[in-house]
Amino acid sequence: MSSQDQVHRPDVIVIGAGISGLVTAKCLREAGLSVVVLERSGDIGGLWTFRENDYGVMRFTHINVSKYNYCFSDFPFPDDVPDYPHNVDMAKYIKSYTNHFKLNEIIKLYRKVVSIERQGEDWKVIVQEVEKDGITVKPDSQEVYLAKNVAIASGHHAKPTMAKFMGQDSFTGEIIHSVKYKDVLTNHLEDKRVLVVGIGNSAVDVAVNIAAIGREKPVYLSTRSGAWVVPNYIFGQPTDLYANRLFLTLPWKLATWIFETVIKVVSGDPKRWGLNPKMRALQTQPTVSPTLLHHIQRKNIVVVPNIQRIENKKVYFINGESAEFDTIILCTGYKIDLPFLSDEIKQTVLDENNNNLKLFKNVFNPDIGQSLAFIGFVQPASGGILTMSETQARWYAELIKGHVHLPNKSAMEDNMKAEEIATKNRYYHSARHTIQKDPITYNDEISSYFGAKPELFKHPTLAWRLILGSCGAFQYRLQGPNTWSGAKEAVKKVPVTEMMNYTGIGLLVLSGLILLYSHS
């Protein structure tokens, strides 16, 4: 039998060997299932593996979530890695995880998924082997896989969104999407007049990288919606450590007021720096940068509003200002793209016009059920996606094993409608917010389905941390299936911020005074 005729039959097929795909494979194998991982490129790690000529991080990228909240739940970063690891540290960490759990033996590299479709009770996945460029298909290289279960972990940052402006075709310089940006030297922008469009994390990273080389020409940063920019550290602690259960139980408008007040105390009113956010601070994913304001203050970066039109090399902004540029970098995000799904399945799970997935808890479609899972198709409001992907993967494994079950179709659809309304009421209207979730709230809910949500009465010595600290990924290995013996000590290593400690003490004192007064 030729390789073209042979049909591979694992229990589960995982699409993608980025962090979401790897953690899914690990959790499924942990549950005793046979797994194959299909990866288009020649390496693991997804966007965290720097590639000169392919999709991945920029050369200088650090994660903007601390290592406590962007890690695998039973495999901490080494102690000597900084709070915010560089992408080289991240790639090394991912490879260590892969080696430790022996995932290399189930990963097939240079495999492009061509189609996923139903075949009876199975999913039929057709794959073609590609050359080292990850694009060119090798002749006579088709492979066929059949499985009861498929996990798509190819990521929601899939298809670059290319903004269009009036007169853009007349621009005589270069226009690129940030996916093509590696660093200021690689892209030869040392002496160029550069306009960066967007003010998310990628846009700010690009603008700062260009500005940081000591140029005479300022970098222009164009934004239509403005932004709340937060530093990596607030009062000496990583910013994401302030996300905790106590804070998340507050009404979001009160929580927003508190958060905005802290930002203004630390960095000043964003309007002072021309950032002019059109939304409240917790109505969007925050833009994290330790140095953007530094460059704005020194006029290395000039913030301007949205583009009105382009004429040759001259760009006009809606406030009447204009300037000439050699290069425009579009940091305008991505759309969800699932080209390998059949039209019927794609229409069932994806609203392409609104960049919205029709999934229960961002994982399962009610019409399809648990056999097709979407892992990592969620946007964290704070913290990182890795913990959310892992929680999804563990839930998926328990469903396949029959230890837990999905609600009925009607209940799932009702929940999806309620969550859609809640999202529209909470978040600023944008394609990037259609799949937005708070990681702790989301992980608590999903982990409760299979018994892994940390319960205070079971862990009284950790109660203070579980209420007032972020506790990192490790808290979800304290109980439930496949607990980790090192989880308790790992949770203790996650700092609780001084502000939250003082808040907790204050609440205890206040509670004591109220009790004393009520009994006097």
Side-chain angles (χ1 to χ4, degrees), residues 18-19 41-65 67 70 81-95 132-135 155 157-163 171 173-223 227 229 231-232 287-296 298-303 323 325-334 384:
I19 53 172
S41 75
D43 205 350
I44 63 171
L47 65 84
W48 284 114
T49 298
F50 175 77
R51 298 174 174 90
E52 289 280 0
N53 300 304
D54 203 349
Y55 174 72
V57 290
M58 293 171 272
R59 196 185 303 273
F60 51 86
T61 302
H62 287 251
I63 64 173
N64 57 19
V65 180
K67 65 180 181 180
Y70 203 116
V81 172
D83 289 339
Y84 293 94
H86 186 270
N87 67 78
V88 171
D89 296 316
M90 194 72 200
K92 182 179 179 181
Y93 170 67
I94 293 168
K95 284 181 168 58
K132 291 185 178 180
D133 62 4
I135 299 172
H157 288 170
K159 187 176 183 180
T161 300
M162 301 295 290
F171 187 68
E174 179 186 34
I175 299 177
I176 64 169
H177 190 275
S178 58
V179 72
K180 299 289 188 181
Y181 185 82
K182 302 304 177 182
D183 64 36
V184 65
L185 299 178
T186 303
N187 289 84
H188 309 294
L189 298 176
E190 302 94 313
D191 299 313
K192 299 291 179 66
R193 297 166 296 181
V194 180
L195 170 62
V196 177
V197 179
I199 200 164
N201 289 307
S202 294
V204 169
D205 284 350
V206 170
V208 166
N209 177 249
I210 298 170
I213 64 169
R215 302 153 39 95
E216 291 183 11
K217 303 179 182 71
V219 179
Y220 278 66
L221 187 62
S222 171
T223 169
V229 177
N232 288 109
T287 297
V288 181
S289 175
T291 54
L292 175 64
L293 296 186
H294 164 87
H295 286 293
I296 292 174
R298 286 157 178 75
K299 300 191 183 302
N300 300 327
I301 292 177
V302 177
V303 181
F325 299 99
D326 303 302
T327 302
I328 299 175
I329 303 175
L330 301 175
C331 301
T332 44
Y334 298 83

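Just so it is clear, the structure is predicted and the values come from calculations on it, not from any experiment. Scope of the values below: all heavy atoms of this structure, side chains included, with no hydrogens, waters or symmetry mates.
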Atom of [X], atom of [Y] and distance for their closest heavy-atom approach:
X      : Y      : result
Thr49  : Gly45  : OG1-CA, 3.6 Å
Asn232 : Ser289 : OD1-C, 4.3 Å
Ala211 : His295 : CB-ND1, 4.0 Å
Arg51  : Ser41  : NH2-OG, 3.0 Å
Ser178 : Cys331 : CB-SG, 3.6 Å

Evaluate whether atom [atom1] of [X] has more than 12 neighbouring non-hydrogen atoms of other residues, nucleotides or ligands under 6.0 angstrom away.
X      : atom1 : answer
Asp191 : CG    : no
Lys95  : NZ    : yes
Lys92  : NZ    : no

Any [X] side-chain heavy atom under 4.5 Å of [Y] side chain:
X      : Y      : result
Leu221 : Leu292 : yes
Glu174 : Asp326 : no
Tyr70  : Asn64  : no
Ile175 : Leu330 : yes
Phe50  : Lys182 : yes
Asn300 : Val219 : no
Val179 : Tyr334 : yes

Item checked: Backbone N/O of Ile199 and side chain of Thr287: donor-acceptor pair under 3.5 Å ->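 Looks like yes, one N/O pair under 3.5 Å.
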Notebook entry, point to check: Between the side chain of Asp183 and the main-chain N/O of Met58, is any donor-acceptor distance below 3.5 Å?
Noted result: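 Not confirmed, Asp183 side chain does not pair with Met58 backbone.
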To the nearest 0.5 Å, what is the distance between [atom1] ([X]) and [atom2] ([Y])?
X      : Y      : atom1 : atom2 : result
Thr332 : Met162 : OG1   : CE    : 6.5 Å
Asp54  : Asp43  : CG    : CG    : 11.0 Å
Tyr181 : Asn209 : OH    : CG    : 3.5 Å
Thr186 : His188 : OG1   : NE2   : 7.0 Å
Ile301 : Ile210 : CD1   : CD1   : 8.5 Å
Ile213 : Leu185 : CD1   : CG    : 6.5 Å

Margin query: Determine whether Asp89 and Lys67 satisfy the following criterion, side-chain contact (heavy atoms from CB on, under 4.5 Å), listing intermediate values before the conclusion.
Written below: CA-CA 11 Å; Asp89 296 316; Lys67 65 180 181 180; over 6 Å; no
Next item on the list: Check step by step if side-chain contact (heavy atoms from CB on, under 4.5 Å) holds for Trp48 and Ile63.
Entry: CA-CA 9 Å; Trp48 284 114; Ile63 64 173; 2.8 Å; yes
Item checked: Quiz item: cation-pi between Lys217 and Phe325, 6.0 Å / 45° ->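 Judged by the rule (NZ or CZ under 6.0 Å from the ring centre, within 45° of its axis), Lys217 is not positioned above Phe325.
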Margin query: If you apply the rule side-chain contact (heavy atoms from CB on, under 4.5 Å), what do you find for Thr223 with Val303, and how did you get there?
Written below: CA-CA 8 Å; Thr223 169; Val303 181; 4.0 Å; yes
Margin query: Going by the rule ring pair (Phe, Tyr, Trp, His ring centres under 6.0 Å), which residues pair with His86 if we only count those two or more places apart in sequence or in a different chain?
Written below: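 Testing His86 for ring pair (Phe, Tyr, Trp, His ring centres under 6.0 Å), a comparison that skips the adjacent residues, returns His62.
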Notebook entry, point to check: Does Arg193 pair with Glu216 as a salt bridge, N-O distance under 4.0 Å?
Noted result: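 Glu216 and Arg193: not salt-bridged.
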Next item on the list: Output, in order, the C-alpha distance, side-chain angles, deciding distance and verdict of side-chain contact (heavy atoms from CB on, under 4.5 Å) for Asn187 and Ile329.
Entry: CA-CA 11 Å; Asn187 289 84; Ile329 303 175; over 6 Å; no
